[in-house]
Amino acid sequence: GASIMGNRAANKAAGRAADAQTAAAQMGVEENRRQFDLVQTLLKPYVEGGTAAFKQQQNLLGVGGAAAQQQAIGALQNSPFFQAQLNQGTNALLQNASATGGLRGGNTQAALAQFAPQLLQQTYQNQLSNLGGLSSMGLGAATGTGNAAQNTAAQNSELFGNMGQARAGAALARGQNTQDLIGSLAGAAGRLDFANLGKYLGVDF
C-alpha cells in the first residue's frame, strides 16, 4: 500500500513539474510573439515607404516600361515643387534681362529655352537620389523585420523543444515509477511466508 501511494505521489509530482515547465515555456513563446508583433508594427511604415520608393525608382528608370517611365517623368514635371522652381527661375532670368536691357535679346531666349530642361534633369537626379534613400531605409527595415522573425522562430523552436522534453521526462518518470512499483511488489511477494500465512488463514497454498 505504501508503495502504491508513493508511486501515485511520484507520478503526480512528475506531472506537476512537466506542467510548470510547459506553462513557463508557453509564456516565453507568447512573449516572443508579442515582441515580434511590436517590432513588425514599428518597422511597417518604413518597409511600406521603402517599397513605394523603390517602385518609383523603377518607373523613373524605365524598368517598368516606357509608358510607366513617361508617366513618372510627367508627374515629376507637373509636381508643385518642380513648377515652383521653374517659375522662380524663369522670373529671375526675366528680371535680370529686364534690368540689363536684354529682355528681347537672343541670349535671354536661349537661356529660357535651356533652363526648363536643365531644371528637369536636375530634379530628376535629385528625385532618384531621394527615392534611393527611402528605398535603402525600407530595405533596412525589412531586413530588421526578417532578423526579428528568424530570432523569434529560433527562440520559440527552443521553447517548444523544452515543452517536449518536459513531457517526455514526465512520461519516463512515470514509467520508471511503475517499474519500481512492480519491482517492489514482486519483492514483497517473494518475501511472504506462504506456509505460515496458510496456517494462520486455515488455507493450504
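For the single chain, residues carry numbers from 1 onward in sequence order.
Here the closest non-hydrogen pair linking F115 and L86 is CE2-O, 3.6 Å.
Residues that satisfy the side chain to side chain donor-acceptor pair (under 3.5 Å) test with N59, not counting sequence neighbours, are absent from this structure. Every residue was checked against the salt bridge (Lys or Arg N to Asp or Glu O under 4.0 Å) condition with R33, not counting sequence neighbours, and none meets it. For the side chain to side chain donor-acceptor pair (under 3.5 Å) test, no residue two or more places apart in sequence or in another chain qualifies with Q85.
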Show me the side-chain donor-acceptor pairs of residues 130-144 shorter than 3.5 Å, one per line, residues at least two apart or across chains.
| residue | atom | partner | partner atom | Å |
| --- | --- | --- | --- | --- |
| N130 | ND2 | N126 | O | 3.2 |
| S135 | OG | Q57 | OE1 | 3.0 |
| S135 | OG | L131 | O | 3.2 |
| S135 | OG | G132 | O | 3.0 |
| S136 | OG | G132 | O | 2.9 |
| T143 | OG1 | L139 | O | 2.8 |

Show the atom names and distances, to 0.1 Å, of all donor-acceptor pairs under 3.5 Å that link a side chain in residues 65-80 to residues at least two apart or in another chain.
| residue | atom | partner | partner atom | Å |
| --- | --- | --- | --- | --- |
| Q69 | NE2 | L60 | O | 3.0 |
| N78 | ND2 | G74 | O | 3.0 |
| S79 | OG | L76 | O | 2.7 |
| S79 | OG | F82 | N | 3.2 |

Please report, to 0.1 Å, the donor-acceptor pairs under 3.5 Å made by any side chain of residues 38-49, with sequence neighbours excluded.
| residue | atom | partner | partner atom | Å |
| --- | --- | --- | --- | --- |
| T41 | OG1 | D37 | O | 2.8 |

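Under the 4.5 Å side-chain criterion, counting only non-hydrogen atoms from C-beta, Q150 is in contact with N147. You'll find the side chain of L94 reaches within 4.5 Å of the side chain of L112, heavy atoms only.
The distance from the CD atom of Q118 to the OG1 atom of T123 is 11.5 Å, given to the nearest 0.5 Å. Put simply, NZ on K55 and CD on Q58 are 5.5 Å apart, with the number rounded to the nearest 0.5 Å. Distance check, rounded to the nearest 0.5 Å: CD of Q155 to CZ of F36 gives 12.0 Å.
Both V63 and L128 are assigned to one and the same hydrophobic cluster, defined by single-linkage of ILVMFWY side chains at heavy-atom distances under 4.5 Å.
Within 6.0 Å of CZ on F54 lie no more than 12 heavy atoms contributed by other residues, nucleotides or ligands.
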